[in-house]
Structures are given as C-alpha cells and as structure tokens.
2 protein chains.
Amino acid sequence: MAQRATVYDVAERAGVSIATVSHTFRQPGRVRPETRELVLQAARALGYVPSGSARGLAKGRSQALGLYAFDMFLPSDLRATAESIDELVQRELKGLDDARRFPLYVDEIQRGFEVEARRAGRPVMLGSGASRDSLDSIDLAGSVDGLAIFPGDAARDLLEHVGRGVPVVIFSSPPMHDPLHHITVANEAAMRELVDHLVDHHGRRSFAFLGELAAPDIGARFRGFQLASAAHGLPVPEEPFDTTVLTEDSLRTLRDAITSGDLPEALVCATDQLALTVLDLLARHGIRVPEDIAVTGFDGILAGRLSQPTLTTVRQPFASMGRLAVRILTDTAAGLTHPKSYVLPTRLVIGSSCGCP
Amino acid sequence: MAQRATVYDVAERAGVSIATVSHTFRQPGRVRPETRELVLQAARALGYVPSGSARGLAKGRSQALGLYAFDMFLPSDLRATAESIDELVQRELKGLDDARRFPLYVDEIQRGFEVEARRAGRPVMLGSGASRDSLDSIDLAGSVDGLAIFPGDAARDLLEHVGRGVPVVIFSSPPMHDPLHHITVANEAAMRELVDHLVDHHGRRSFAFLGELAAPDIGARFRGFQLASAAHGLPVPEEPFDTTVLTEDSLRTLRDAITSGDLPEALVCATDQLALTVLDLLARHGIRVPEDIAVTGFDGILAGRLSQPTLTTVRQPFASMGRLAVRILTDTAAGLTHPKSYVLPTRLVIGSSCGCP
DNA sequence: TTGTACGCGTTATCAC
DNA sequence: GTGATAACGCGTACAA
C-alpha cells in the first residue's frame, strides 16, 4: 500500500496550503467554492483519507467510545488453536451454534451500547485482554473519550487508575465511592421476589443457591437469597453451593440425594447460563424439572426462553444498560461530572422451570 | 476531568526525560530497574494513560480493525425519538425483543469478526453512517489499519477511494476488479439446490421469487432461481416479485389468488428475514404453510430455526466470513497484497416450511 | 479568502 | 542507560 496521502500531498497537488485543505473539509463555508472544488478533486485523485490519529491528537479527543471486556467472557472459541478458514467454514455449516452461546448477556448490553453510540454519531471501540493487570484496558482507554467496562477480576486500582484519565462506567457493579460510574440492577430485591414466588406459589421450602461469589452482583443475589430464606423462616445458608465443582459426579450425588429425599426442592441459580447448564445435567440424569426439582435462573437471556422447560428467571434491562452507559459517557465527556451510580429495576419472568404451567 | 497526564508530566515528576518514560513502557529492558520503578510510580500517581492518538500518529498505525455498516441495516430503534432511560427500561422489561430482531445476519458476521480480532490482539472499531456519500466511512477508515464493510448503497467510487488508502474487504459482494477484497458465498448454486429440492422432493412446479435486486448477492440468487427454473422446464420470470409493496393488501391479493388456484405453489424468498415476514403475513391471513404454499428463505439466521414452521433455507457461514475478513486484513496490513475474492460454500438446511416433516 | 506557524503526545534516532 | 530532538498529520489562532 503506497504511503497514505496526507494534507501536504493534497495541498501540493491543488496548489494551495495545507490549511486550506483542512478548512475545505472542516469548515467548507470558509473557503471559496472554486478553491474547494480544486481541493476535493485533488483529494479524490490521491485517495486522501485523513488520519484519525493526527486529528485525535490535534483536537484532544477521538470521538470514539470504548467497550472493554476481560477475557473471562470469551467463548472457548478463542483458545482454540488457529484453524484454516476452510475448517472453520465446514464446522460452522455443520454445527448448530445457536442461542446457547450467542447472544449471551454481554452481547445484549453491547448491542444497546452500539445502538446508542450510533445515535450519538460516535464510533465504538471494542477491546479485550487478559484478566488481570493487563495493560490492554489502559491502551484502549487512551484511545477513546469514554470507556465502559464489563466487570472482571481486574484489580480495582487498575480501574481507578484508568478512571482518573477517562470517564469510565462499569457494569454490574454496585454503587461505590470511586472515580467510576456504576450501573447495576436491584439484585437483592429481585432475588427475594424470586424466592417469594417459589415459596408462596409452589410451596417449596428447601433451597440451594448455586453460584460463585466472585462477581459483586452475584454476592448481592446471594444476600437476597439469604434474606428471603430468613423471612420465610427457612434455614439460612452461610455460603452458596459450590458450583466450581458442578460436574457429572457432583450431579450424580445430587441425584442420589434427591432419591433419598433429603435434597432441596429448588435450585436457585445465580445466572441463566448456570441454570441452563444445570437443566442439561439434570435431564441427562433423568431428573425431571420441575416435577422432581425446581430450577430458576437470573438475567433473562434469550436462551432461557428457548430451553425445555423454559426458565423462570429475573430479567435485566441489558440493552438499556448499554444505552445508559453511552449517555453517561457522552454527558461526562464534556466536563467533569461527579461519578454516578444507577440501580435499574428488573422484572420477574415466569417460565415453566419453577412449576408454573 | 483534569487535563490528562502526559509523558511530560510523568517525566517531570520522576525526574527523568520523556524518552525514558517512553522506554519504560515500550522497552522496559532498556532502562535501569530503579529508574523504571521511579517512572512507574510517577505514572501511577498521576493516573497516566498514554494517548492512543499520539501513539498512532507516531507509529503510523493504530492496531485497530474497523467494521462499517451503512444505516440500512440499523434497527428501527435508531430513528425512534430520544427517550429517557426510564422509558427505555420499562419498555425493555415489558417487551419480548427476541431473536426476530437480534441477532440478525449482520450480527453473526460481526461476532466472527470480533472473535478473530481478539485472537489477533486487535481492537475493533465499529462505525456506521448515512447510506450514501457520507464521509463517516472515510473517517473510520482513517482510524484503522484495515476495514471491513457491509454492502450498502454507497457509491462504489467512495469505496474504491477508501480502498486506496486502507485495506478493505467487503462482504456479500461478488468478485470484481477493484482495489477491494471480496467475500461472498456461492449464491447461485445454493439457490439452484434449493429449487431442486422443492421440485424433486415436493413436486412443486410453480414459484415466485420474492426480493429486491438492490444488493448484488440477491441478484445472484435470482439468477440461480432463473437457471433452476429453466433447468426444470418451468417458466422463467424476468423479474422478482416486487416486495417493496409486500403489504397487507398485496398479501390479501395473494390469498385470493391462492384460492382461485392460479398462484405459485412456493414462495422463494431472497432472505430469511423476508421469509419470516411472509410467514407472519400468511399466518395472519389463514394461509397454511406448507400445506397451502411452501416458503423458503436464505441465510440460516437463528430466528429461522425458531419460527413456526421452521424455515427451509440456505445457511451461510457468517461467523467464518467475519473471521476471514480479519485474517485478510491482518495479512494485508503488513504489505500490499493483491485484492482477493473468496467464495465460500453454503449448506441447504431443511426445515418444515418446504413441506418436509 | 488564504497562508504561516505552532501545538497536540508519542516514538525513534541519535548522540552522550 | 539516558537525554535531546526530530518526525508523525492535522487543526487552528493569527497574520497577511
């Protein structure tokens, strides 16, 4: 690719100064029509494409909004060894990669983010990187006017570092006193509502909460679960059921336990994805849902509406969260605003996995 | 937001030169450990985030890969008047925005693009703009090392202009002699296979092809339809059925025609989205598919597997197309390569809308 | 209306 | 190992 043409090239060819070239594109009214035409012609002839970097540097901002995801969200596709395109094509044409893998909740937020960014006339810059310490997020932050981040196991000080230089909003993160904007939902209340439903509507009285407490949102859901349990006079677990070991083996144990009757009547899962996995495992072991045991999720992703049985869950307004992030960022990009926290509402979505018809 | 810290600030605070600061981050081995620590400390204290623009300018490339979509693909959300977040949230929580709207085929390609870009360690820059002449695509092109484009009604000379400055691959576009890389599928052959199925398997012998010829891919599909018709000794239409007027009214006409028996036994739609719309309209008018009439699509999007009846269609390897684009771009970014064209295979996917059980 | 000249924040090439 | 200093391409006061 021959050297990209610059303002200098265009100016020379049009017989004007670089300032005139710049004016022609940025303040067309300021230049005489004939001159303008001259410049445009030269630009066309040279295939002139203005450098975004140079412009960004000169103006102090790039217009772009960033969206960063830590690797934890990446599909396993990523680790797969490099394959030839032919292999990829063949696999894709054969397979039925469906809604179980895409779109996941991250994708729904991302979509909302993109939609709103388009409305704002801003490009979106997508980035990702290793989970911890990685500098990728910093690099991305340096290229955008505002950055939205999916929570990961990134060190908080890294995020705060970034937040000092660029407006940052972080998803699924509870209100905190740091330089970041937070967007989350009323996890605790939502979970209480869900448990209430299982108790009041289906008379279930023994539960197990499945999930890892790594993410703050999950923690809030577990707290909601504990509170609901207490409110109904049920035993309050200290910790969630450990799902890091939710394998075939542990499932078999679960099954035996069910037979002997001393196992929970309902499995309350921290996320839809987890719930769907659980449904699969249960089905494979001949345990019927909801007859033998009830299962619930959290998130309201598409896949949960397509499963058999359909998932009873809590829907989050993901798209709106993405859109909100953009609005915060564009508002903030102007002048410094105090970091804000937003706690959005959710909605209980009744499927058949809880026992409802 | 206080002025973003720069190398100068860091250098001053650390008592070194800006060169040392730069070295500390880019060639850590080249600087004495103690000095390095000094610099890192200063950087941390100041919340230093290197400017992507400046770096891009200095190095001549941004590392980012671009993906551009003309407005024609945008969901109607976009034109909606600005709403408050509360309104958006309420609407989202109530609604069932499902697979009928997302993911569409564009999203599947995009996803493949993103996945492969992550593997390549490159950020993705998403852009969009008005259909014609718009300079948005040029702006985006100026900010990336390579650009992939969804076909629109953009003037070809605009694309060729952009293609001269940056490697560009364009989707759903047949091989051509221009400075762009092309990725498409064997539309013609696929459509023939589809028609063959309807004739050989279901004995259907009168068809109508629905679709607009605007996009080149659709044209190829229509040609395949014509060829197949001819091969089976059936009448060969000169033009597709006009779907720009596929309204309730025209549908009613269609229904009456079916009753009187002089209408096609199968509706061959140019895309899945169109086919799904047709299914809806037919259902609303009490016309049964496939009993009264067969319907087929093209693309193999998720929604086609969820419809009632499921869609018989041709699946395109969308994700692979996105991934291929990235590979082309990263390969090309290095040195100039001759533009290449790729025609990927497809696969006939049998649903129940054609009459199969 | 057009041109000159400087600044934007990095990287890289040299000397030291 | 570290430090001046010159690009990099564009926007824009300011001057002409």
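Reckoned from all heavy atoms, side chains included, excluding hydrogens, waters and symmetry mates.
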Any sub-3.5 Å donor-acceptor pair from A:R111's side-chain atoms to A:G322's backbone N or O?
->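 Checking the backbone N and O of A:G322 against the side chain of A:R111, no donor-acceptor pair under 3.5 Å is found.
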Quick one: does B:H23's side chain have a donor or acceptor within less than 3.5 Å of a partner on B:A19's backbone?
->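 Indeed, once roles are kept as given, a pair shorter than 3.5 Å links the two residues.
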If you measure only the distance, is there a donor-acceptor pair under 3.5 Å linking the side chains of B:Q41 and B:E37?
->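 Per modelled atom types, B:Q41 and B:E37 side chains form no pair under 3.5 Å.
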Considering only heavy atoms and no angle criterion, is a donor-acceptor pair shorter than 3.5 Å present between the side chain of B:R32 and the base of D:dT2?
->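 Flag unset: no donor-acceptor pair detected.
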Separation of [X] atom [atom1] from [N] atom [atom2], in whole Å?
X     : N      : atom1 : atom2 : answer
A:R61 : D:dT12 : CZ    : P     : 9 Å
A:F25 : D:dT12 : CZ    : P     : 15 Å
B:H23 : C:dA12 : NE2   : C1'   : 7 Å
B:E12 : D:dA4  : CD    : P     : 13 Å
A:R55 : D:dT12 : CZ    : P     : 10 Å
A:E34 : C:dT2  : CD    : P     : 8 Å

Taking only the side-chain heavy atoms of [X] (C-beta and beyond), determine which of [options] contains the nearest atom.
X     : options                : result
A:R26 : D:dG11, D:dT12, C:dA12 : D:dG11
A:R30 : D:dT2, C:dG3, D:dC10   : C:dG3
A:L57 : D:dG11, C:dC8, C:dT11  : C:dC8
A:V31 : D:dT2, C:dT2, D:dG11   : C:dT2
A:Y48 : D:dC10, C:dT10, D:dG3  : D:dC10
A:I18 : D:dG3, D:dG11, C:dT10  : D:dG11
B:V7  : C:dT2, D:dG11, C:dT10  : C:dT10

Taking only side-chain nitrogens and oxygens of [X], does any of them come within less than 4.0 Å of OP1 or OP2 of [N]?
X     : N      : result
B:K59 : D:dC8  : no
A:S53 : D:dG9  : no
A:S17 : C:dT4  : no
A:Q27 : D:dT12 : yes
A:T35 : C:dT2  : yes

Where B:A42 and B:R13 come nearest, the two heavy atoms and their spacing =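 Closest approach of B:A42 to B:R13, heavy atoms only: CB-CG, 3.7 Å.
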Using a heavy-atom cut-off of under 4.0 Å over every strand shown, decide if A:T20 touches base, sugar-phosphate, or nothing.
->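 Contact class for A:T20: sugar-phosphate only.
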Sugar-phosphate only, base, or nothing, as touched by B:V16 at under 4.0 Å among non-hydrogen atoms =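 Counting heavy atoms under 4.0 Å across all strands, the contact made by B:V16 is with sugar-phosphate only.
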B:A58 or B:A19: which one's nearest nucleotide on DNA chain D is closer to the 5' end?
->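 So the residue in question is B:A19.
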Evaluate the criterion side-chain contact (heavy atoms from CB on, under 4.5 Å) for residue pair A:V10 and A:V39; output intermediate values, then yes/no.
-> CA-CA 7 Å; A:V10 177; A:V39 173; 4.1 Å; yes
Which residue, B:V168, B:L180, B:L147, forms the side-chain contact (heavy atoms from CB on, under 4.5 Å) with B:L159?
->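 With B:L159 as partner, B:V168, B:L180, B:L147 yield a single side-chain contact (heavy atoms from CB on, under 4.5 Å), made by B:L180.
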Considering heavy-atom distances to DNA chain C, does B:T6 or A:G15 have its closest nucleotide positioned more toward the 5' end?
->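 In this pair, the answer is A:G15.
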